[in-house]
Number of protein chains: 2
Amino acid sequence: MSTGIDLAVSTVIFALRPGDAGRLVLSIPLVRRTRDPFEGRWSLPGGAADATESLAATAARKLAETTGLAPAYLEQLYCFGAPDRSPSGRVVSVVYWALVRADEAELAAEGENVRWFAADELPQLAFDHNLIVDYALWRLRTKLEYAAIAHAFLGPTFTLAELRQVHEIVLQRALDPANFRRQIESSRSVVPTGEHVTGGRHRPPRLYRYDGSVQLVDNGPLTSVAVR
Amino acid sequence: MSTGIDLAVSTVIFALRPGDAGRLVLSIPLVRRTRDPFEGRWSLPGGAADATESLAATAARKLAETTGLAPAYLEQLYCFGAPDRSPSGRVVSVVYWALVRADEAELAAEGENVRWFAADELPQLAFDHNLIVDYALWRLRTKLEYAAIAHAFLGPTFTLAELRQVHEIVLQRALDPANFRRQIESSRSVVPTGEHVTGGRHRPPRLYRYDGSVQLVDNGPLTSVAVR
DNA sequence: TCAAAAGTGTTGGATATACACCCATGT
DNA sequence: ACATGGGTGTATATCCAACACTTTTGA
């Protein structure tokens, strides 16, 4: 049987990258379309679904092919299938969202047709991709408040101040350091490494690492997504 | 372009139906497969995606064609696309979950190949449909705790005791009537009609109706799903 | 000694839970 | 009158946000 519907896989990729004043900015890599429809417009990285791969594997592969990135977190966002979302025919897109570490994002191949944009300053994108990014942003902000995913933006070890900064940038508001510490500690999502960071003009903070032994992302009966 | 992938739409339908001791039971209608693969096994209602319809419209139509039901609530659950989920070739299924009213469920066409099952007593289903139902159950129970969707199981007007019973059956635990009342009242999701139900051997309870003017299901930037 | 950020302690307000108690009806 | 569930009041526990305060380093 053939349904006459094209199946595509796309991904909204989030990373924290240095911006104007040296501050980190929540950013998204986009690719420029080189053919109709929407030739010249920026769009989410993706492509046709592969008949032999899992959908998540296709998302990760397309992500790597276009940007050179490997995600620390990858989760399905939504399946978009409005009949009129592509002028060239019916396309159903399974969209994923991903988090990549800051050091990883530095290495991302940027060029004529691949560029990073601040998540809240996007141009008009191809297809319904502006709506998709808005939804992914909403999901990221919502999920950050109840699931331990912020560490996916950081390296294997980090201070609580760094973790708090991730939350502050994504949620766009200041957080009380004392209450943030208690919140994270009670979630048992991180464990102290015993080491400290020296060199700052202040008391050396403890280093923590993500504790993979506890289930931090509750997706119910679905097998947990890739987190490293 | 052709991906060699079949796109299907299926739906997990929930309703509260009278069970053994006259008590309401959370139930799901299933259809018996009449051909390979999994001939004879029970499965979720659904079928091939339609090239001209929206995915939600296809879900609602297939739902009506097989069971005669119209959903009071319909929302996308997940897109299942593991390469080995169908032995007959690659099938990607966009799965929706739906709530139907009790009076509506009474009228459902039941027959040799369509039957209702208690949600927690399902046989071994075709494909990965057991996993899908487990996930839908998890989503229903999770969402019931923070979104006003329980009224979709009831008629246009209802008492708070009826609404509480819906919560108790779905969540499988008793709820304090006093605290439940306050919780619902503070959510502003229902308004009293001014009428009362007489005939019981007790104080006549007020009737309420769902207040559609407030946004009760927060799906972020996505257009809200059908609720009636 | 001072500035700066790490980290701890404390308090008041809001919210949730348990449960006592009154209300209104049919029998 | 009384049984039954509707509906209200209230005390307690728990959680959360605000903020004062102590600690430890580099300069």
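In the text below, chain A, chain B and the rest are named by the order of the sequence lines, each starting its count at 1.
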- Message: Let me confirm one number: the CH2-CG distance from B/W42 to B/L125, rounded to the nearest 0.5 Å.
- Response: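 Answer for the CH2-CG pair, B/W42 versus B/L125, is 10.5 Å.
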
- Task: Using heavy atoms to find the nearest nucleotide of DNA chain D for B/E185 and A/R201 separately, return the residue whose nucleotide is more 5′.
- Result: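 Of the two residues, B/E185 wins.
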
- Comparing A/Q183 with A/G200, nearest DNA chain D nucleotide closer to 5' gives the residue A/Q183

Give the rounded distance in Å between these two atoms: [atom1] of [X] and [atom2] of [N].
| X | N | atom1 | atom2 | result |
| --- | --- | --- | --- | --- |
| B/R181 | D/dG7 | CZ | P | 4 Å |
| B/I184 | D/dG6 | CD1 | P | 14 Å |
| B/N179 | D/dT8 | CG | C1' | 12 Å |
| A/F180 | D/dC16 | CZ | C1' | 15 Å |
| B/Q165 | D/dG5 | CD | P | 12 Å |
| B/D176 | D/dG9 | CG | P | 15 Å |

- Task: Step by step, work out the side chain to side chain donor-acceptor pair (under 3.5 Å) result for B/Y73 and B/E75.
- Result: CA-CA 7 Å; B/Y73 182 82; B/E75 180 188 321; 2.3 Å; yes

- Message: Determine whether a donor-acceptor pair (one donor, one acceptor, N or O, separation below 3.5 Å) exists between the side chain of B/R164 and the base of D/dG6.
- Response: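 Counting by modelled atom types and ignoring angles, no donor-acceptor contact under 3.5 Å is found here.
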
Is the closest basic N to carboxylate O distance between [X] and [Y] below 4.0 Å?
| X | Y | answer |
| --- | --- | --- |
| A/R141 | A/E145 | no |
| B/E168 | B/R173 | no |
| A/E106 | A/R17 | no |

- Task: Sequence neighbours left out, what passes salt bridge (charged side-chain N to carboxylate O under 4.0 Å, His left out) with A/E121? Give chain and number order.
- Result: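 Testing A/E121 for salt bridge (charged side-chain N to carboxylate O under 4.0 Å, His left out), a comparison that skips the adjacent residues, returns none.
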
- Task: Would you classify B/A178 as touching base, sugar-phosphate or nothing, given that sugar-phosphate means primed atoms plus P, OP1 and OP2, and contacts are heavy atoms under 4.0 Å?
- Result: base

- Query: Can you pull the contact range of chain B along DNA chain C, 5' to 3', using atoms under 4.0 angstrom from its heavy atoms?
  - Reply: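 First and last nucleotides in contact are C/dT17 to C/dG26.
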
- Message: Heavy atoms from C-beta onward define the side chain here; which of D/dC19, D/dG6, D/dG9 lies closest to that of A/R182?
- Response: D/dC19

- Message: Are more than 12 heavy atoms, taken from residues, nucleotides or ligands other than B/D103, located less than 6.0 Å from that residue's CG atom?
- Response: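 More than 12 heavy atoms, drawn from other residues, nucleotides or ligands, come within 6.0 Å of this atom.
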
